[in-house]
Amino acid sequence: MNVRIKTAAVLTAVLLPLTAACSSHEQGTVQRAEDSRPEGKTTKAPEDKDTSDADCGPDSGLSQAEWMENCADDAGDDNAPNTELKIGDTFRYHDGLKVTVTRIEKVTTFAEYDTRPDSAQTAFRINIKFDNQSKKPIDLDDFSVNAQGATKGGDAELTTWETGSKEITGRLAPGVSDTKNSDGVLDKQYGTQVVVTVTRMNEDTDLLAEDPHWTGPIQ
């Protein structure tokens with residue numbers, strides 16, 4: 001019996017640190033958009049508009065706020081993982097940098113040399129705010145953006161629309177914020193709801209940590 005007790009104690013001593021280590025892989029924390037709203041303000045639909053049975057399909061006519069409230073994964077759930085965000089939510093890295101996907105907008109105006117999407121594709125632009133609240137410059141070249149269909153799968157094809165383009169590159173000084181963008185096209189068969197993944201790769205990156213994802217509609 002004593003041998004069994006000692007064996008169990010040894011296993012517990014070995015496995016607990018490993019379990020703790022495995023569960024501690026994270027790059028930062030999330031600030032939900034609702035947390036910054038004035039007291040009493042709500043994102044719920046007006047009382048005269050029932051969205052309890054909302055159509056969350058790829059051709060949904062819901063507004064961005066309504067879709068996020070009723071259709072996004074874990075919508076309205078304060079217990080959602082730190083890496084699952086809605087458009088407007090902020091992910092704060094441990095070094096103080098804040099990243100917010102503020103909007104995914106449909107692009108309909110193109111410059112002369114842009115490669116225009118065909119009739120079976122939706123052109124879009126992802127607007128991302130970088131707010132450097134750390135104590136050192138941030139290299140924006142450490143970041144990459146990926147977009148996928150949120151309802152029927154499918155990878156977006158990344159490109160650049162010349163008009164209004166602000167590529168995610170260069171250095172961001174401490175205390176400075178700026179909004180950059182990433183452009184792409186998504187086949188219409190995959191709908192207009194998109195999952196945006198922002199990946200950061202530098203010498204401090206925890207390769208086992210999950211990247212933050214933002215879910216929302218192209219509007």
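Source: prediction; values computed, not measured.
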Peer 1: How close do S165 and T160 get, counting heavy atoms only, and between which atoms?
Peer 2: OG-CG2, 3.4 Å

Peer 1: Please determine whether residues I128 and I218 belong to a single hydrophobic cluster, defined as Ile, Leu, Val, Met, Phe, Trp and Tyr linked transitively by side-chain heavy-atom distances below 4.5 Å.
Peer 2: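 The answer is yes; both residues are in one hydrophobic cluster.
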
Peer 1: For a quick test of reading the model, state the closest non-hydrogen atom pair linking A147 to I126 and the distance between them.
Peer 2: CB-CD1, 4.1 Å

Peer 1: Could you see if F91 belongs to whatever hydrophobic cluster contains L140? Use Ile, Leu, Val, Met, Phe, Trp, Tyr and a side-chain cutoff under 4.5 Å.
Peer 2: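 Hydrophobic grouping puts F91 with L140.
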
Peer 1: Check the surroundings of atom CD in E210: do more than 12 heavy atoms from other residues, nucleotides or ligands lie under 6.0 Å from it?
Peer 2: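 Atom CD in E210 is crowded, with more than 12 foreign heavy atoms closer than 6.0 Å.
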
Peer 1: Go through the steps to decide whether N146 and T199 satisfy the test side chain to side chain contact (heavy atoms under 4.5 Å, CB included), and finish with yes or no.
Peer 2: CA-CA 8 Å; N146 174 265; T199 300; over 6 Å; no

Peer 1: Hey, are the side chains of R103 and R125 touching, using non-hydrogen atoms and a 4.5 Å cut-off?
Peer 2: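 When only atoms from C-beta onward are counted, R125 and R103 do not touch, as no gap falls below 4.5 Å.
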
Peer 1: Quick one: does D206's side chain have a donor or acceptor within less than 3.5 Å of a partner on L208's backbone?
Peer 2: yes

Peer 1: Quick check on the hydrophobic clustering: are I87 and V107 connected, directly or via other members, by side-chain heavy-atom contacts under 4.5 Å?
Peer 2: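 They do not share one cluster, since no chain of ILVMFWY contacts under 4.5 Å joins I87 to V107.
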
Peer 1: Which value, rounded to the nearest 0.5 Å, describes the distance between F143 atom CZ and L172 atom CG?
Peer 2: 9.5 Å

Peer 1: How far apart are the closest heavy atoms of L158 and V145, and which atoms are they?
Peer 2: CD1-O, 3.1 Å

Peer 1: Salt bridge check: are D178 and K180 linked by an N-O gap of less than 4.0 Å?
Peer 2: yes

Peer 1: Using every non-hydrogen atom in the two residues, find where D204 and N202 come nearest and quote the distance to one decimal.
Peer 2: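 Heavy atoms of D204 and N202 come nearest at N-OD1, 2.9 Å.
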
Peer 1: Could you check whether atom NZ of K106 has more than 12 heavy atoms from other residues, nucleotides or ligands sitting under 6.0 Å from it?
Peer 2: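 At most 12 heavy atoms, drawn from other residues, nucleotides or ligands, come within 6.0 Å of this atom.
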
Peer 1: Please name the pair of heavy atoms, one in V185 and one in A123, separated by the smallest distance, quoted to 0.1 Å.
Peer 2: CG1-CA, 4.0 Å

Peer 1: Walk me through whether Q27 and D211 qualify under side-chain hydrogen bond (donor to acceptor under 3.5 Å, both in side chains).
Peer 2: CA-CA 8 Å; Q27 300 184 65; D211 292 323; 3.1 Å; yes

Peer 1: How long is the gap from CZ on R171 to CG on D139, to the nearest 0.5 Å?
Peer 2: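 So the CZ of R171 and the CG of D139 are separated by 6.5 Å.
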
Peer 1: Given F130 and I138, is the side chain to side chain contact (heavy atoms under 4.5 Å, CB included) satisfied, shown in steps?
Peer 2: CA-CA 10 Å; F130 294 86; I138 297 295; over 6 Å; no

Peer 1: Please report the interatomic distance CD(Q148) to CG(D155), rounded to the nearest 0.5 Å.
Peer 2: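 Going from CD on Q148 over to CG on D155, the span is 4.5 Å.
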
Peer 1: Please check this pair: side chain of K166 against backbone of T179, looking for a donor-acceptor N/O pair closer than 3.5 Å.
Peer 2: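 Checked: pair present.
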
Peer 1: Kindly compute the distance separating CZ (R32) from CG (L85), expressed to the nearest 0.5 Å.
Peer 2: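 It is 5.0 Å, given to the nearest 0.5 Å.
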
Peer 1: Can you give me the closest heavy-atom contact between P174 and S134, atom names plus distance?
Peer 2: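 Distance-wise, the nearest heavy atoms are CB-O, 3.5 Å.
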
Peer 1: Please step through side chain to side chain contact (heavy atoms under 4.5 Å, CB included) for the pair V198 and W214, ending with a clear verdict.
Peer 2: CA-CA 8 Å; V198 175; W214 285 261; 3.5 Å; yes

Peer 1: With a 3.5 Å distance limit and no angle check, can you tell me whether D141 reaches the backbone of T169 through a side-chain donor-acceptor pair?
Peer 2: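 No.
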
Peer 1: Between V99 and V195, is there a shared hydrophobic cluster once you connect ILVMFWY residues whose side-chain heavy atoms come closer than 4.5 Å?
Peer 2: no

Peer 1: With side chains defined as the heavy atoms from C-beta onward, is the minimum distance between M201 and D142 less than 4.5 Å?
Peer 2: no

Peer 1: Quick one: CG on D89 to CD on E84, what's the gap to the nearest 0.5 Å?
Peer 2: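 Going from CG on D89 over to CD on E84, the span is 11.0 Å.
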
Peer 1: Mind running side-chain hydrogen bond (donor to acceptor under 3.5 Å, both in side chains) on H213 and T197 for me, showing each step along the way?
Peer 2: CA-CA 5 Å; H213 313 280; T197 302; 2.8 Å; yes

Peer 1: Checking side chain to side chain contact (heavy atoms under 4.5 Å, CB included) for the pair L97/R200: CA distance, chi angles, key distance, verdict?
Peer 2: CA-CA 11 Å; L97 174 68; R200 186 182 191 183; 4.1 Å; yes

Peer 1: Does T100 use its side chain to pair, donor to acceptor, with the backbone of K129 at less than 3.5 Å?
Peer 2: no

Peer 1: Test your reading of the model: is there a side-chain donor-acceptor pair from N132 to the backbone of V176, 3.5 Å cut-off?
Peer 2: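 Checking the backbone N and O of V176 against the side chain of N132, no donor-acceptor pair under 3.5 Å is found.
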
Peer 1: So, taking the atom named CG in D183 and the one named CD in E167, what distance separates them when rounded to the nearest 0.5 Å?
Peer 2: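 Rounded to the nearest 0.5 Å, the CG-CD separation comes out at 8.5 Å.
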
Peer 1: Name all residues meeting the side-chain contact (heavy atoms from CB on, under 4.5 Å) criterion together with R92; count only those two or more places apart in sequence or in a different chain, and write none if there are none.
Peer 2: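 Checked R92 against side-chain contact (heavy atoms from CB on, under 4.5 Å); matches are T29, K98.
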
Peer 1: What ring pair (Phe, Tyr, Trp, His ring centres under 6.0 Å) pairs are there with at least one residue in residues 155-189, not counting sequence neighbours?
Peer 2: F110-W161

